[in-house]
2 protein chains.
Amino acid sequence: MEEFHSDKRLISRQTVLRLPRYLRFLKALSDEGERTVSATVIANSLSLTPIQVRKDLASVSRISGKPRVGFAIGELMADIENYLGYNSMDQVVLVGVGNLGKALLSYKGFHKYGMHIAAAFDANSEVIGRTFGGNKVHPMGKFYEVCNKANIRIGIIAVPETAAQAVCDLMVRSGILAIMNMAPVHVNVPPGILVENENIATTLALLARDLSQKIDDKEKK
Amino acid sequence: MEEFHSDKRLISRQTVLRLPRYLRFLKALSDEGERTVSATVIANSLSLTPIQVRKDLASVSRISGKPRVGFAIGELMADIENYLGYNSMDQVVLVGVGNLGKALLSYKGFHKYGMHIAAAFDANSEVIGRTFGGNKVHPMGKFYEVCNKANIRIGIIAVPETAAQAVCDLMVRSGILAIMNMAPVHVNVPPGILVENENIATTLALLARDLSQKIDDKEKK
DNA sequence: TAGATTGTTAATCGATTAACAATC
DNA sequence: TAGATTGTTAATCGATTAACAATC
């Protein structure tokens, strides 16, 4: 008997992190008029290995590549978009319209990956009512109502660290289930609420470690 | 014979990513007047396991905790700061002073982690000469000179995707060895140059996957 | 003392890489 | 056909978790 897989297989964290990169690359190829691409070409372009690429693609797509030819770009893109889009629940709310919040509102990448900022909120009357990247900024008082009415599940915290926990609590009370925290503090959430921290200082620390390691290696030689 | 470790042991990627979180938490405790803390307390506060915390701490610090008491907060902070600071080569340049670049320039977190934005650059005459977060924006023409004179090794790309590769190439020509790319494109670099991509859409995709997985699980029950 | 907590060694888990037969 | 490329199974690598003796 053929084994049956639901559409909703669990895809590894690392693979998910690479999916947007594949999608971007495939789109670029497609724009250049290409119809097919091999795992080798993708791998070389994105600094990955061909095996890794084939595994990743197999995890989101049922289409099989043809030896000596590769994969059909269009179908691949559709499958990745479907996965990212399917998962995305599409609607996201943003709290905090400072420089970072504004950058996020104007960021065109979200749409590409099936994400859509449904509403933005801030406590500051200077930005309330103004529009950034097509999004009007609402007062905090509207937060609960908007989230509830639109049944929104994903929230982005882009406020200063002192306000982060309060915003986080409000999100939880308003039915948000997954939070992306851009503030450089740990936020506490009840069990079952998902949090991802996006912290630039963290990534820089990583880069600095790799760099100092590299320099050490060179000195040893 | 006692085994000798250099100060420059390689610390795992995952551990490095957690170091800034420890540092932040320890600082908060220290501000409250605490002198010691156990791995258990840290773990609970940051949603980690105590074993993981002890391993991480041991990898950057030689100080040992006392059973029933825990670790001396001050010494721990000093060791983490030393590691992050030592590695950081402290000086960073930023190219691109749009909303995102401005957010980075005003971001107070860098200093905390031993990072310092030495100079900011942009091609747009509207921002050149202006100051954000204490950093004056220089014209692109000065980039090579500044990097060379100050011997800067780390660069942050915060320009639109269309300009990212050109900026990346300029960085490489100017002696930058490690690049943090905030633009949603893959940038190509010669072998030996380090790149970390920081892409918000990517993190959101991850969050969305976890969320849809969680919802699926609930439906199954 | 008793027991919470440390630090280390071993087991597990997850992701990457290697090997290789199948195939267009 | 010959050989590039696929897809899968097995081996390796790295990180997390479990187990437990040492100790304050």
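So that the names make sense, note that chain A is the first sequence line, chain B the second, and so on, each numbered from 1.
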Checklist entry - Would Asn197(B) and Val195(B) count as a side-chain contact (heavy atoms from CB on, under 4.5 Å) if you check the C-alpha gap in whole Å, the side-chain angles of each, and the deciding distance to 0.1 Å? => result CA-CA 6 Å; Asn197(B) 294 287; Val195(B) 179; 4.1 Å; yes

Next on the checklist: Please evaluate residues Ile63(B) and Leu76(B) with respect to the criterion side-chain contact (heavy atoms from CB on, under 4.5 Å), reporting the C-alpha separation (whole Å), side-chain torsions for both, the decisive distance (0.1 Å), and the verdict.
Outcome noted: CA-CA 7 Å; Ile63(B) 75 158; Leu76(B) 224 41; 3.7 Å; yes

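The residue Ser64(B) sits close only to the backbone: its heavy atoms come under 4.0 Å of sugar-phosphate atoms, none of a base.
Picking from dT6(D), dA15(C), dA4(C) the nucleotide with the shortest atom distance to the side chain of Pro67(B) gives dA4(C). The nucleotide whose nearest atom lies closest to any side-chain atom of Ser38(A) is, among dC24(C), dT6(D), dG3(C), dT6(D). Ranking dT17(D), dT6(C), dT8(D) by closeness to the Ile51(B) side chain, first place goes to dT17(D). Of the candidate nucleotides dT6(D), dT6(C), dT16(C), dT16(C) has the atom lying nearest to any side-chain atom of Gln52(A). When each of dT6(D), dC24(D), dC24(C) is scored by its nearest atom to the side-chain atoms of Phe71(A), the top-ranked nucleotide is dT6(D). Closest to the side chain of Lys55(B), out of dA10(C), dC24(D), dT17(C), is dA10(C).
Residue Arg54(A) has a polar side-chain atom (N or O) positioned under 4.0 Å from OP1 or OP2 of dT6(D). Look at Gln14(B) and you won't find any side-chain N or O under 4.0 angstrom from OP1 or OP2 of dA15(D). For the OP1/OP2 pair of dT16(C) and a distance below 4.0 Å, the side-chain nitrogens and oxygens of Arg18(A) include at least one atom meeting the criterion.
Partner assigned to dC13(C) is dG14(D), using Watson-Crick or G-U wobble distances below 3.5 angstrom. Checking dC24(D) for Watson-Crick or G-U wobble geometry (two distances, each under 3.5 Å) identifies dG3(C) as its partner. Across all strands shown, dA19(C) forms a Watson-Crick or G-U wobble pair, both distances under 3.5 Å, with dT8(D).
Rounding to the nearest 0.5 angstrom, the gap separating the OH atom in Tyr83(A) from the CG atom in Leu19(A) is 7.0 Å.
In this structure, Leu48(A) places its CG atom 14 Å from P of dA18(C), rounding to the nearest Å. The CZ-P distance, from Arg62(A) to dT8(D), rounds to 11 Å in whole Å. In this structure, Asn44(B) places its CG atom 14 Å from C1' of dA4(C), rounding to the nearest Å. Arg13(A) has its CZ atom 19 Å from the P atom of dG14(D), to the nearest Å. dT8(D) atom C1' lies 15 Å from atom CG of Asp56(A), rounded to whole Å. Atom CZ in Arg68(B) sits about 14 Å away from atom P in dC24(D), given to the nearest Å.
With Cys168(B) as the partner, the side-chain contact (heavy atoms from CB on, under 4.5 Å) test is satisfied by one option alone out of Ile179(B), Val185(B), Ile176(B): Ile179(B). Partner of Met77(B) under the side-chain contact (heavy atoms from CB on, under 4.5 Å) criterion, chosen from Leu29(B), Asn82(B), Leu26(B): Leu26(B).
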